[in-house]
Every structure is written in C-alpha cells, then in structure tokens.
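Beneath this line is the structure, given in structure tokens, with notes to follow.
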There are 2 protein chains.
Amino acid sequence: MFNAIEEVRDRTHWLSDVDPLRHPGAPDARIAFSQRIVQTLDLVQSSAALQRRLVHAGDTIYQAGQAFENLHILSTGCAKIVSLSADGREQVVGFKFKGDWMGFDGIADACHRCDAIAMDTGEVWTIGYDALLAGCAKAPALLKLLHAAMSHEIAHDRDSLMSVCTLPAEARVADFLLQWVESMAKRGLRTDAITLKMTRAEIGNYLGMALETVSRTLSRLARENIIDFVEKGRRDLRIADPQALQGFVRRYGVV
Amino acid sequence: MFNAIEEVRDRTHWLSDVDPLRHPGAPDARIAFSQRIVQTLDLVQSSAALQRRLVHAGDTIYQAGQAFENLHILSTGCAKIVSLSADGREQVVGFKFKGDWMGFDGIADACHRCDAIAMDTGEVWTIGYDALLAGCAKAPALLKLLHAAMSHEIAHDRDSLMSVCTLPAEARVADFLLQWVESMAKRGLRTDAITLKMTRAEIGNYLGMALETVSRTLSRLARENIIDFVEKGRRDLRIADPQALQGFVRRYGVV
DNA sequence: CGTAATGTTGACATCACTCAAATAGGGTGG
DNA sequence: CCACCCTATTTGAGTGATGTCAACATTACG
C-alpha cells in the first residue's frame with residue numbers, strides 16, 4: 001500500500017520545482033509570495049472598505065463563538081490561532097504573520113471556531129465578508145487572491161498534520177524552526193536572527209509535545225551548534241547551520 | 001496562559017448550539033448539512049459544465065505534481081487524500097465522502113500537493129476551476145457554497161490536528177469512529193452498521209499511530225462492548241454504546 | 001526590588017512503537 | 001469447489017521515546 005522510498009522520491013521530484021520554498025537556492029517562489037502580499041494589501045485597500053486596528057500582544061482579534069461577519073488581514077505583527085473543543089481541550093493550530101488572512105474558519109457555519117490572539121504589536125485590517133465579496137465581483141483578481149489564501153491555509157494545515165504524524169518530537173521542533181525562517185524569508189523579513197514570539201508551552205502545544213521537550217530540543221540544538229541563542233533571553237536565536245537543521249529533520253523523517 | 005478547565009467550559013457552551021453535529025439529539029445542523037449537499041450538487045450541475053466519471057477503489061482522481069485545473073466533487077463513494085513530503089514521507093490527511101469537494105489544495109500554487117485516491121466505487125464530478133468561477137459570477141449562491149466548503153475543510157483539518165495533538169492514541173481511535181458516524185449521519189447515510197473502507201495502516205497513518213495500536217484499540221472497544229464487529233471481516237462494525245464511546249474520548253481528553 | 005511567569009534540567013514512569021509470530025480472509029487458477 | 005497465495009489483521013513481548021513530576025534558574029514586570 002505504501003510505496004518504497006525510492007518510488008516515492010521519484011514522485012516527489014516535482015516538489016523542488018513547484019515548492020522551492022524549502023529548498024535554498026531557488027528564491028523565485030519567495031519573491032512571488034512577497035509580491036502576492038503586497039498585491040493583496042493593495043488590492044484589498046482599493047476594493048473594499050476596511051477598518052484598521054492597532055493591536056498589542058494578548059489582544060483578541062476574534063473569538064470562538066462570535067458570529068462571523070469579517071475577515072482579517074495581519075498587515076504587520078504576529079498572532080496565534082487557538083481552536084477549542086467542546087470538552088475543554090485547546091489547541092494552537094497556527095501562527096500568523098504579515099500578509100496572512102484570518103477568519104476563514106468562520107465562513108462555513110457563520111460562527112468563528114477559533115480564537116485569534118495577537119502575540120506582538122501589529123496592525124489588523126478588518127473587512128466585512130459581504131463587502132469583500134462585492135469587491136471581488138468588481139475585481140476578479142481579488143477573488144483569486146482570496147482563494148489562493150484559503151488554499152494556502154489548507155495546504156499549510158496539512159503540512160502541520162504531516163509533521164505531527166510522521167516526525168518524532170525533536171525533528172518536529174527542528175522543522176518548526178525551518179518553517180519559521182522560511183515564513184520570514186517569504187515575507188522579506190530578516191532571517192539572520194529570529195525572535196520566537198511565543199512561550200515554550202505554546203510551541204509545544206502547536207507541535208503536540210510537552211513544553212519540556214521543546215526546551216530540551218532547543219538546548220540540544222544549541223549544544224550541537226546548529227542554533228545559537230543570542231545574548232539575553234532564550235527567545236532570540238540564530239540558525240547557525242541550516243544544513244544541519246535540515247539534516248536533523250531528514251535523519252528521523254523516513255527511517 | 002492556558003485557562004482552567006471550568007473557564008474553558010464556560011467559553012465552549014456555544015459549541016453545543018453552533019455545532020450540534022457531535023451532540024446527539026440536535027439534528028438541525030445535520031439536516032442543514034444534508035441539504036447543503038443536495039443544494040451544492042444541484043447548483044453546480046446547473047451553473048457549470050462538469051464531467052462525470054465512475055471510479056473504483058484504487059483509482060487516482062488527481063495526483064500530487066499535476067497542474068491544477070479542476071476541482072472535484074464526490075457525488076457518491078469514498079476517497080482518501082494523501083499528502084507527500086519532499087523527503088518521502090506520506091500522510092493521509094483526510095477521507096472524503098458524498099458531497100465533499102476535492103482539490104482546493106492546488107489553487108494556491110496552481111499545482112496539486114496531494115494525491116486523491118478512490119477507496120470505493122463512486123462517481124466524481126470534475127469542474128474546471130475557471131468555468132466554476134464564471135458560474136459563480138452568475139450565481140452568487142454558488143460562490144457562497146464554494147467558500148463554505150473551503151472553510152469547512154479548514155475547520156476539519158484543524159480538528160484533526162487537535163485530535164492528534166491533545167488525545168492519547170486510544171481516544172483518537174474512538175474519536176475517529178465518532179467522526180465517521182457523524183459524517184454518515186450528516187449525509188443521511190446509515191449509521192447502524194458502518195463499514196471502514198480503509199486498512200488499519202491507513203487509519204493509523206491518518207491518526208498518527210502504528211497500525212497495531214489501531215487494531216488493539218478496536219479489539220479493546222469490542223471487548224468492552226462499546227462496539228461490535230458484524231459477522232465476517234473486521235471492517236464492518238456497529239457502535240453498540242455511543243455514550244460509552246464518547247466517554248472513552250472525554251475520559252482521556254482533558255486529564 | 002520582589003514577585004510571578006517563563007525556561008531549564010534531571011529522575012522516573014509509561015504509553016505506544018517495533019519486532020515477531022500466528023490467524024483469518026479474499027481472490028485466483030486449477 | 002478446493003488449494004493456494006497474498007494481504008490484512010490480531011496478539012504478545014520487550015524497548016525506547018516522550019510525558020510527568022519536581023527542583024531550580026532566569027527573566028519580565030510592576
């Protein structure tokens with residue numbers, strides 16, 4: 001049922017062409033992504049009335065249970081999306097950055113199913129869903145961007161599931177760092193020093209492991225000189241050896 | 001950071017109202033869902049040219065790496081969606097049933113990122129994405145249905161992540177069965193006897209555990225008379241005690 | 001400067017994986 | 001219809017990865 005590794009490799013060659021995001025040396029898609037953000041922000045501004053709001057760490061952008069009316073775009077800053085279950089479990093299902101849309105989860109049932117909470121100072125643009133649809137009717141390019149954003153979110157969520165299901169804990173942390181750097185690179189933000197905006201508990205929750213495991217893994221990566229902690233605080237770090245970090249993921253990936 | 005259970009419970013009361021799907025005795029949303037399927041199938045048929053195709057277990061509906069051109073709707077049958085990573089891991093990211101859309105993952109990069117493979121005899125409707133958008137321009141209701149479907153998929157993927165990250169293995173299997181029954185109920189299909197169309201390996205991959213763990217858990221549930229295996233074969237089963245099955249999930253859920 | 005929140009590290013327990021063997025079922029060809 | 005093979009499934013035994021608990025260190029913040 002599940003193919004031999006070589007066979008799978010044959011079938012995944014295309015990934016290097018289509019999704020060079022994870023493959024250094026092919027920055028085309030990164031530039032395309034960066035342009036898409038600019039394009040989105042421009043087009044949204046010109047096509048629909050929007051409300052700008054300055055948010056700070058801890059501010060609620062929307063909340064599970066609220067009636068769905070608006071979509072949101074993070075024009076700058078960083079936010080987390082937390083899903084709640086009926087029996088009280090909570091799960092960080094994603095982190096959002098500059099240019100990301102938020103609130104798609106609410107469309108289906110006209111009610112948000114997650115909390116969106118700012119983790120840093122930033123600006124949120126809020127657009128009425130109906131107004132946005134009206135804008136899309138006039139500017140088809142806007143609709144395409146909207147669909148691309150939703151599609152991207154679906155693909156990303158699946159990548160998360162893949163990571164949690166197929167990688168052991170330490171490799172998931174390494175993969176998380178790689179994705180973080182990639183996210184920054186795609187947005188044209190600095191990648192030489194990265195600042196994790198969230199606690200170990202939030203990372204652990206997102207990756208499906210105990211916060212202690214996150215801490216231990218980061219310590220190990222630092223001990224092996226794959227990452228460096230930058231002076232004070234343990235939230236600022238530098239990827240000293242990206243190759244080794246990738247190796248860390250792959251070593252455990254297939255087995 | 002993470003609230004006390006009682007506090008979370010307070011905030012999740014709305015779930016019983018908004019999403020009664022998981023709560024027996026409130027079938028409204030199920031009926032709504034069932035109607036949405038009919039509505040979708042009708043509207044799609046009348047709004048855009050579509051191609052019907054009969055598929056059998058094992059047939060490929062679309063494949064990772066293919067250029068994205070079409071969306072698909074499963075009008076009957078059952079399919080699995082398998083995501084592939086660059087380093088050869090593969091992950092079952094979802095199962096699709098009557099009325100489900102497939103192919104959203106391809107919109108963002110104009111290239112599919114998953115395989116979609118039929119697991120049963122059924123019919124697939126294929127619609128050109130551009131033709132569909134043209135249809136949406138004429139029938140705004142179709143666009144709303146499309147967005148609802150994408151939104152639903154995002155919400156579902158997040159539920160999967162929540163399950164994998166917050167529930168121990170046995171509870172995930174129980175939760176999987178509950179979701180399966182709920183999926184059938186929402187579609188108006190029979191729930192007294194359910195037939196798992198996939199192997200233990202596929203269930204285990206989807207739920208992030210070894211196939212042996214799936215098998216052991218099902219055996220345990222049968223031993224405790226929470227489920228029954230229906231005569232020959234171990235793929236046909238009956239939920240003997242839905243309450244106990246829910247209890248099985250909740251018992252381990254919060255801890 | 002003191003307190004609470006966050007992060008680190010160690011010791012230990014345990015859940016779930018791996019390996020292995022046996023059984024059952026389904027399909028195929030004689 | 002039966003014998004056979006091949007895949008799927010079950011079950012057991014042992015191990016290892018990761019969670020839990022606990023103590024301590026560090027940082028952030030009022």
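In the text below, chain A, chain B and the rest are named by the order of the sequence lines, each starting its count at 1.
- Across the helix from C:dC1-D:dG30 to C:dG30-D:dC1, the helix axis at one end is tilted relative to the axis at the other end by 50° (nearest 10 degrees, each axis from five pairs).
- The side chain of B:Thr199 lies closest to D:dT9, out of C:dT6, C:dA16, D:dT9.
- In this structure, the side chain to side chain contact (heavy atoms under 4.5 Å, CB included) partners of B:Ala116, at least two apart in sequence or on a different chain, are B:Ile61, B:Tyr62, B:Ile81, B:Met102.
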Base-contact (B) and sugar-phosphate-only (S) positions in nucleotides 23-30 of chain D, heavy-atom cut-off under 4.0 Å, - elsewhere: ----S---
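- A salt bridge links A:Glu182 with A:Arg30; the closest basic N to acidic carboxylate O contact falls under 4.0 Å.
- When A:Gln91, A:Glu90, A:Arg89 are each tested for a side-chain hydrogen bond (donor to acceptor under 3.5 Å, both in side chains) with B:Thr166, only one passes: A:Arg89.
- When the C1' atom of D:dT9 is taken as reference, atom CD of B:Glu202 falls 14 Å away, rounded to whole Å.
- Qualifying side chain to side chain contact (heavy atoms under 4.5 Å, CB included) partners for A:Thr76, counting only residues two or more places apart in sequence or in other chains: A:Glu123.
- Ion pairing between A:Arg220 and A:Glu224 holds under the 4.0 Å rule for side-chain N and carboxylate O.
- Atom P of nucleotide D:dG12 and atom CZ of B:Arg220 are separated by 14 Å, given to the nearest angstrom.
- Annotation: A:His152 is in aromatic contact with A:Phe33 [ring centroid separation under 6.0 Å].
- Partners of A:Arg223 under the salt bridge (charged side-chain N to carboxylate O under 4.0 Å, His left out) rule, at least two apart in sequence or in another chain, do not exist in this structure.
- Between the P atom of C:dA16 and the CD atom of B:Glu170 lies a distance of 7 Å, rounded to the nearest Å.
- DNA chain D is contacted by A:Gly208, A:Met209, A:Ala210, A:Glu212, A:Thr213, A:Arg216 of residues 208-218 of chain A, taking any non-hydrogen atom closer than 4.0 Å.
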Would B:Arg113 and B:Asp105 satisfy salt bridge (Lys or Arg N to Asp or Glu O under 4.0 Å), going step by step from the backbone distance to the final call? CA-CA 6 Å; B:Arg113 299 180 47 117; B:Asp105 53 89; over 6 Å; no
